[in-house]
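Following: one structure in structure tokens, then a few remarks.
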Amino acid sequence: MHSKSLGDKILSIFVYTFLILLGFSTFYPFWNALVISLNDGMDTALGGITFWPRQWSLENYNVVFQDERILNAFWISVMRTVVGTILSVLCTAIFAYGMTKKELIGRKYYMLMCIVTMYFAGGLIPTFLVVRGLGLMNSFWVFIIPSLISVWNMIIFRTFFMGLPEGLEESAKMDGCGNWSTFFRIIAPLSGPVIATLGLFTAVFHWNEWFLPSIYITKEKLLPIQSMLQQILSSNIMREQMSQLDSAAQARMSNMQSVTTKSLSMATMMVATIPIIAVYPFVQRYFVKGVLVGSLKE
């Protein structure tokens with residue numbers, strides 16, 4: 001093997017240094033928020049909390065989990081993510097499978113109409129009027145139905161399906177399978193990588209999305225955790241939330257001097273962030289194959 005030249009060594013050092021600094025700048029804000037959430041709130045107010053808690057405390061999380069509104073928002077997010085991801089991936093995959101059929105009359109025009117929607121949206125006000133006209137205001141289904149089909153994901157699914165051997169469908173038809181049986185028994189089981197990858201992207205969208213509820217939801221019991229967190233961070237209502245805790249929580253709060261608005265905000269942020277991060281390791285092995293599917297040519 002040839003030894004690296006001085007220029008190559010300098011370039012390698014520069015690249016690795018840059019990547020380390022980039023990774024650190026990306027990871028540190030999350031780490032610092034976690035440290036603050038695990039530190040005594042009054043001690044955090046003194047400043048100087050950087051890489052490690054100075055005074056360990058779980059009181060911030062105790063207060064968060066005693067607030068029924070935050071717990072309710074958490075479960076709304078869980079249900080929205082689970083139901084929204086399953087239905088979106090299923091409907092998008094079925095739509096994409098139909099778009100692979102060469103015998104579909106007007107297939108190119110349908111595809112063109114779908115692509116147009118990726119570049120031109122109806123706008124916020126027309127969308128609001130449509131949602132209101134459908135009776136989805138203050139409904140759980142307003143989280144699900146408007147985002148049921150993703151054109152981008154449909155294109156990726158379609159590209160993947162068209163890359164499968166045509167003999168699979170022909171064999172299935174010879175065995176008496178119709179289109180639905182072929183899709184669920186043959187196509188879907190072979191689409192594990194793309195389903196896992198797009199399912200994760202869809203789940204992340206549903207979990208992190210907060211703007212939609214701020215427009216269509218006025219009932220507090222239907223707000224997801226991200227919308228609750230957005231209210232906490234933007235309007236500084238944590239003290240109001242603390243005053244509205246149940247009597248048991250208020251009694252506990254009266255004996256605590258270690259909780260502040262900032263520490264509670266960081267704890268709420270961790271509750272809203274960690275669950276979706278925990279999903280990544282389970283689908284990481286599908287990323288390379290699944291993400292590159294959309295780059296394949298027909």
Side-chain angles (χ1 to χ4, degrees), residues 69 71-101 104 106-107 109-161 179-180 183-184 187-188 191 194-231 272 275-276 279 283 290 294:
R69 293 179 302 167
L71 291 179
N72 179 74
F74 179 83
W75 289 116
I76 289 292
S77 289
V78 171
M79 290 189 293
R80 173 189 178 178
T81 302
V82 173
V83 176
T85 300
I86 293 175
L87 291 182
S88 180
V89 171
L90 177 62
C91 293
T92 303
I94 292 174
F95 181 31
Y97 179 64
M99 293 295 289
T100 63
K101 299 300 180 181
L104 177 63
R107 183 179 64 157
Y109 296 102
Y110 297 146
M111 194 67 190
L112 179 61
M113 293 172 60
C114 291
I115 293 176
V116 168
T117 64
M118 296 176 61
Y119 298 97
F120 303 98
L124 182 59
I125 295 178
T127 303
F128 176 85
L129 295 176
V130 170
V131 171
R132 188 179 65 177
L134 293 174
L136 296 178
M137 298 290 292
N138 285 317
S139 169
F140 174 78
W141 293 105
V142 77
F143 301 135
I144 311 300
I145 295 178
S147 57
L148 199 58
I149 299 292
S150 168
V151 175
W152 176 257
N153 290 350
M154 183 274 289
I155 294 175
I156 296 178
F157 268 125
R158 177 175 175 270
T159 304
F160 180 84
F161 295 156
N179 288 328
W180 289 104
F183 176 78
F184 285 106
I187 304 300
S191 306
V194 67
I195 289 177
T197 302
L198 297 182
L200 176 62
F201 292 161
T202 305
V204 170
F205 163 77
H206 277 291
W207 184 267
N208 290 334
E209 203 277 328
W210 61 269
F211 183 68
L212 194 74
S214 66
I215 301 176
Y216 303 124
I217 300 296
T218 58
K219 294 181 179 179
E220 192 176 73
K221 64 180 182 179
L222 288 176
L223 288 177
I225 187 68
Q226 296 296 345
S227 297
M228 186 70 68
L229 177 60
Q230 185 271 335
Q231 291 183 3
I276 197 65
V279 177
V283 295

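- With sequence neighbours left out, Ser214 forms a side chain to side chain donor-acceptor pair (under 3.5 Å) with no residue at all.
- Across Phe74 and Pro275, no two heavy atoms sit closer than the pair CE1-CG, 3.7 Å.
- Every pair passing salt bridge (charged side-chain N to carboxylate O under 4.0 Å, His left out) that includes a residue from residues 80-95 is listed here, sequence neighbours excluded: Arg80-Glu209.
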Please tabulate, for side-chain N and O atoms in residues 141-150, each donor-acceptor pair with protein atoms closer than 3.5 Å (sequence neighbours left out).
unit_1: Ser147; atom_1: OG; unit_2: Phe143; atom_2: O; d: 3.3
unit_1: Ser150; atom_1: OG; unit_2: Asn153; atom_2: N; d: 3.3

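- None of Val82, Thr81, Val78 except one satisfies the side chain to side chain contact (heavy atoms under 4.5 Å, CB included) rule with His206; the exception is Thr81.
- Within the 4.5 Å cutoff, no side-chain heavy atoms of Val204 are placed close to those of Trp207.
- Using a 4.5 Å cut-off on side-chain heavy atoms (C-beta onward), Ile195 and Phe157 make contact.
- No side-chain heavy atom of Thr85 sits less than 4.5 Å from a side-chain heavy atom of Phe205.
- A donor-acceptor pair is defined here as one N or O able to donate and one able to accept, closer than 3.5 Å; such a pair exists between the side chain of Thr100 and the backbone of Tyr97.
- More than 12 heavy atoms of other residues, nucleotides or ligands sit less than 6.0 Å from atom CZ of Phe140.
- Residues Ile94 and Phe184 are in side-chain contact: their nearest non-hydrogen atoms beyond the backbone lie under 4.5 Å apart.
- A pairwise comparison of heavy atoms in Leu222 and Ile217 identifies CB-CG2, 3.8 Å as the closest pair.
- Minimum interatomic distance between Ala272 and Ile225 (heavy atoms only, all atoms of both residues): CB-CG1, 3.7 Å.
- Within the structure, the salt bridge (charged side-chain N to carboxylate O under 4.0 Å, His left out) test picks out no pair touching residues 129-149 (sequence neighbours left out).
- Residues Leu223 and Pro213 come closest through the heavy atom pair CD2-CB, 4.2 Å.
- Taking the side chain as every heavy atom from C-beta outward, Tyr110 and Phe95 never approach each other to under 4.5 Å.
- Residues Glu220 and Asn72 come closest through the heavy atom pair O-ND2, 4.4 Å.
- Remark: Ile76 CD1 to Gln226 CD distance equals 14.0 Å, nearest 0.5 Å.
- Expressed to the nearest 0.5 Å, how far CD1 of Ile115 lies from CH2 of Trp152 amounts to 10.5 Å.
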Could you tabulate the donor-acceptor pairs under 3.5 Å formed by side-chain atoms of residues 117-129, not counting sequence neighbours?
unit_1: Thr117; atom_1: OG1; unit_2: Cys114; atom_2: O; d: 2.5
unit_1: Thr127; atom_1: OG1; unit_2: Gly123; atom_2: O; d: 2.6

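- The OG atom of Ser139 sits 9.0 Å away from the NZ atom of Lys219 when rounded to the nearest 0.5 Å.
- Of the possible donor and acceptor atoms, one in the side chain of Ser227 sits under 3.5 Å from a partner among the backbone N and O of Trp210.
- Listed here is the closest heavy atom pair of Ile155 and Met111: CG1-CE, 3.5 Å.
- Lys101 meets the salt bridge (Lys or Arg N to Asp or Glu O under 4.0 Å) test with Glu169; sequence neighbours excluded.
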